[in-house]
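This is a predicted model, so every value here is computed, not measured.
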Number of protein chains: 2
Amino acid sequence: MIDVARRANVALSTVSYAINGTRAVSATTRRRIQKAMDELGYEPNAIARGLVSKRTRIIALLFPTPERGMGVTEMEFVIGAAEAALERDHHLVLWPSELRNVRQLDRLTGQGLIDGAVVMEVRLDDERVDLLRQAGLPFSMIGRTSEPGSINYADIDFEQAARDAVSHLTALGHRSIGFLNHSPSAFSVGYGPTVRAADGFRRAAMEAGVEHFERLCGDNVAAGRAAFHELRAMAPHLTALAVMNDHAIVGVMDALDEIGWRVPGDFSLLSMVSSTRVTEMMRPKLTTLEPQSSELGRLGVHMLIDELEFRAGEPPTPTQVLLPCRLVEGQSCGPVRAS
Amino acid sequence: MIDVARRANVALSTVSYAINGTRAVSATTRRRIQKAMDELGYEPNAIARGLVSKRTRIIALLFPTPERGMGVTEMEFVIGAAEAALERDHHLVLWPSELRNVRQLDRLTGQGLIDGAVVMEVRLDDERVDLLRQAGLPFSMIGRTSEPGSINYADIDFEQAARDAVSHLTALGHRSIGFLNHSPSAFSVGYGPTVRAADGFRRAAMEAGVEHFERLCGDNVAAGRAAFHELRAMAPHLTALAVMNDHAIVGVMDALDEIGWRVPGDFSLLSMVSSTRVTEMMRPKLTTLEPQSSELGRLGVHMLIDELEFRAGEPPTPTQVLLPCRLVEGQSCGPVRAS
DNA sequence: GCGTTTCGTCGAAACGCTTCGATCGCACAT
DNA sequence: ATGTGCGATCGAAGCGTTTCGACGAAACGC
């Protein structure tokens, strides 16, 4: 930077002002400085910048590694977030934060490396959120706690997705529909999607005046199969099932095979909140309510950076966004069978 | 840090030595300092450290966003890498580096933010690699160029996977086997896996003395279906197919359905280099050669950090690792049909 | 024509560490 | 006693920026 200043015949500080626009610099001076920078191939040192300005332009993405590993949806959060960060001229660091790491988490925040964080897979009651709040670190969430207060978040609109599922199925004439949810353990740890989708489904089905059944189900094929058989024993008139569980839905299809039912001729299946990258590979291709995962990742980052860049004027008004899922039709939903 | 020094009754520099172990510090002094740090809840500032020591302990993960988006395998690279970085007390930043960003890439390296990089999805001839070499930035690869020289890398052993596929199928009695590869475009841009797996398959089949056919195939269901029909027209005796293309394999199964062939009764299908997370969801559950993706991600990071920490003594001897795939049996491979 | 503001620029003081050279005891051999 | 060597500690000089207060010169109002 000294070299640049010398070559442009200005003071060090003037170069800095030219780069950041912190103070006015005359057009001619700016041009001279720009030229010198180009000729020298100068890049400002991000670390030195960060040290004095207290803005490192690094943000962290906190992602848990859930039991079943990350799915396609989570991956898309990450990619969307990484791209958004790059666009906003920030760096995104990955912090795999399992629950046991909460202690580690504030060791990390203590280092002053990052300006803020985006928290993925937020639970209704999430200790990482409490921790960040205590640490005074700005953050946004992908997902949301039960009491998000004024924290920025972007989340899938699970309630809406459940309503969409119900209305798609009732429009096809179904009058007895089921909902296969995530695992009991997900429910009991307060995993938001599980709880919210169940609520949404219940309400939507009641409003539509259709018979409805719901069930939690382990995230694996065998559990899905068993769950379907049980559900059918309990509700023999069932003609359609909305499933928010990519592994279980395979088991359901197995079970349908076993009793000789065809999809969608004899029974309709609607996959909720799963990527077409997955449902396209199933036979028949599943109709799905696909989340806008990548967009959510982007939003999480943009919200955080917006807040970070505010931090001067008015109190930042919280941005809280729920994004609906998009219905992508496959061949797994059909009109109710004339029996 | 000044507070810590004061509280422990030592000089600033002594605290530093105690933290880094750069110079000997007596046990009693160290204890006093440790106590002071704990009491004050002190965390060394990573940025200030980085500024003077030229070691930021931040490394970048360069991942491309391929046409079809990231698959499960790539995701696992990322997670493995993130975990390994954390273990080695480093931070991992994500850089989505598409080809158009090569210019951007050296803007980023110029900032002096990172100590090194791990490059994912390396092509046989990869300009990112040239760029990093020029920039003098230490890096390791997940994958490898055709001339890796002394660069550290960890890659899937595609040749071995192809051999394993051939031997698994021949052991079941198959004497005419096919190989369905990635897309022609992947091949033509010099995507390593595509080229190496094809070579390995060809060689292994010849050595085993079995009839073999291979074909490139677009990464989608329709292409897979068409490819199978063509392959069958060309090679009517085909009884088994190894497929390294998660989307195409679904199309193959569709095509088999169409002609009334059952898997594995009438025809065997072996999925190559795809995660059980995917193959478990297919019906029948596919037999697959599963890559050790997460392990590869970890290795890439460890190699890089090893090199970074060396940088003082002897010339680091290159670590170059090929990891075989694990055979995970599903229900898609069976003995050749007695015809 | 004289104060007063505005604009562009400058020099120097941080930012929170690492690291270098120097100092200081203290045990050891002479 | 005197010198030597070594482990432990100290003070101070950076690292490459941003930012603050100050200053000269041009532009303004009256």
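A:Arg32 approaches A:Ala8 most closely through the heavy-atom pair NE-O, 2.8 Å.
Scanning for side-chain contact (heavy atoms from CB on, under 4.5 Å) contacts around B:Thr319 gives B:Asn152, B:Met303, B:Val321, with sequence neighbours left out. For A:Thr56, the side-chain contact (heavy atoms from CB on, under 4.5 Å) partners are A:Ile58, A:Asp115, B:Ile47, not counting sequence neighbours. By the side-chain hydrogen bond (donor to acceptor under 3.5 Å, both in side chains) test, A:Arg30 is found to be paired with no residue, residues two or more places apart in sequence or in another chain being considered. Under the rule for a salt bridge (charged side-chain N to carboxylate O under 4.0 Å, His left out), B:Arg31 has no partner lying at least two apart in sequence or in another chain. For the side-chain contact (heavy atoms from CB on, under 4.5 Å) test, residues two or more places apart in sequence or in another chain that qualify with A:Glu295 are A:Gln292, A:Arg298, A:Leu299, A:Leu323.
Counting 5' to 3', DNA chain D first comes under 4.0 angstrom of a heavy atom of chain A and last does so at the ends given by D:dG16 to D:dA22.
Remark: B:Ser26, B:Thr29 in residues 26-36 of chain B come within less than 4.0 Å of DNA chain D through at least one heavy atom.
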Per-nucleotide protein contact along nucleotides 18-27 of chain C, 5' to 3', at a 4.0 Å heavy-atom cut-off (B base, S sugar-phosphate only, - neither), is BBBBB-----

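A salt bridge (Lys or Arg N to Asp or Glu O under 4.0 Å) check over residues 136-153 of chain A, counting only residues at least two apart or in different chains, returns the pairs A:Arg144-A:Asp155, A:Arg144-A:Glu159. Applying the side-chain hydrogen bond (donor to acceptor under 3.5 Å, both in side chains) rule to pairs touching residues 9-18 of chain A yields A:Ser16-A:Asn20, sequence neighbours excluded. Within the structure, salt bridge (Lys or Arg N to Asp or Glu O under 4.0 Å) contacts touching residues 7-27 of chain A (residues at least two apart or in different chains) are A:Arg7-A:Glu39.
A stem is defined here as three or more consecutive Watson-Crick or G-U pairs, each with both distances under 3.5 Å; for DNA chain D these stems are C:1-30 with D:1-30.
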